[in-house]
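Counting starts at 1 for both ligands and their atoms, following the listed order. Predicted model only: the values in this text are computed from it and were never measured.
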Amino acid sequence: MVFAAKVSEIPEFGKKLVEVGGVQVLLVKTKGTIYACEHECPHQGAPLQGALIKEAGKLSCQRHGYRFDLVTGVCAEHKECVPLKIYPVEIRGDEVFVDLD
Ligand code: FES
């Protein structure tokens with residue numbers, strides 16, 4: 001587990017892009033839960049920093065609207081799409097740690 005950001009730096013229903021160990025990781029917070037995923041959309045590579053959060057636990061890519069589950073990474077409407085890579089998250093006090101392995 002490596003430190004990624006402070007919990008307080010990620011707005012509710014918002015995102016924060018960080019670089020951890022040379023890897024770009026997108027942190028997303030919805031309803032108090034923080035998720036971590038890869039920054040590139042697995043569909044056609046759009047940067048997900050601009051993705052929309054329309055509901056808790058889901059991230060909608062702004063390019064073609066694919067909606068990824070932030071727990072499983074799966075896009076339910078397009079199961080043929082490679083899932084979004086999700087990184088395990090651990091919260092320690094006000095600090096967010098992610099597991100990149
Ligand atoms: S590039 Fe993200 S949905 Fe197509």
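Remark: Ser8 OG to Lys29 NZ distance equals 7.5 Å, nearest 0.5 Å. Rounded to the nearest 0.5 Å, atoms CD (Gln24) and CG (Leu17) are 5.0 Å apart.
By the 4.5 Å heavy-atom criterion applied to side chains, Lys15 and Ile10 are not counted as neighbours.
Ring to ring, His43 and His78 are not that close: their centroids are 6.0 angstrom or more apart.
Neighbouring protein atoms of atom 2 (Fe) of ligand 1 (N, O or S, distance under 2.8 Å, waters ignored): Cys41 SG, Cys61 SG.
Remark: Glu40 CD is loosely packed, at most 12 non-hydrogen atoms of other residues, nucleotides or ligands lying under 6.0 Å away.
At a threshold of 4.0 Å, the pair Glu55-Arg67 counts as salt-bridged, since one of the basic side-chain nitrogens sits closer than that to a carboxylate oxygen.
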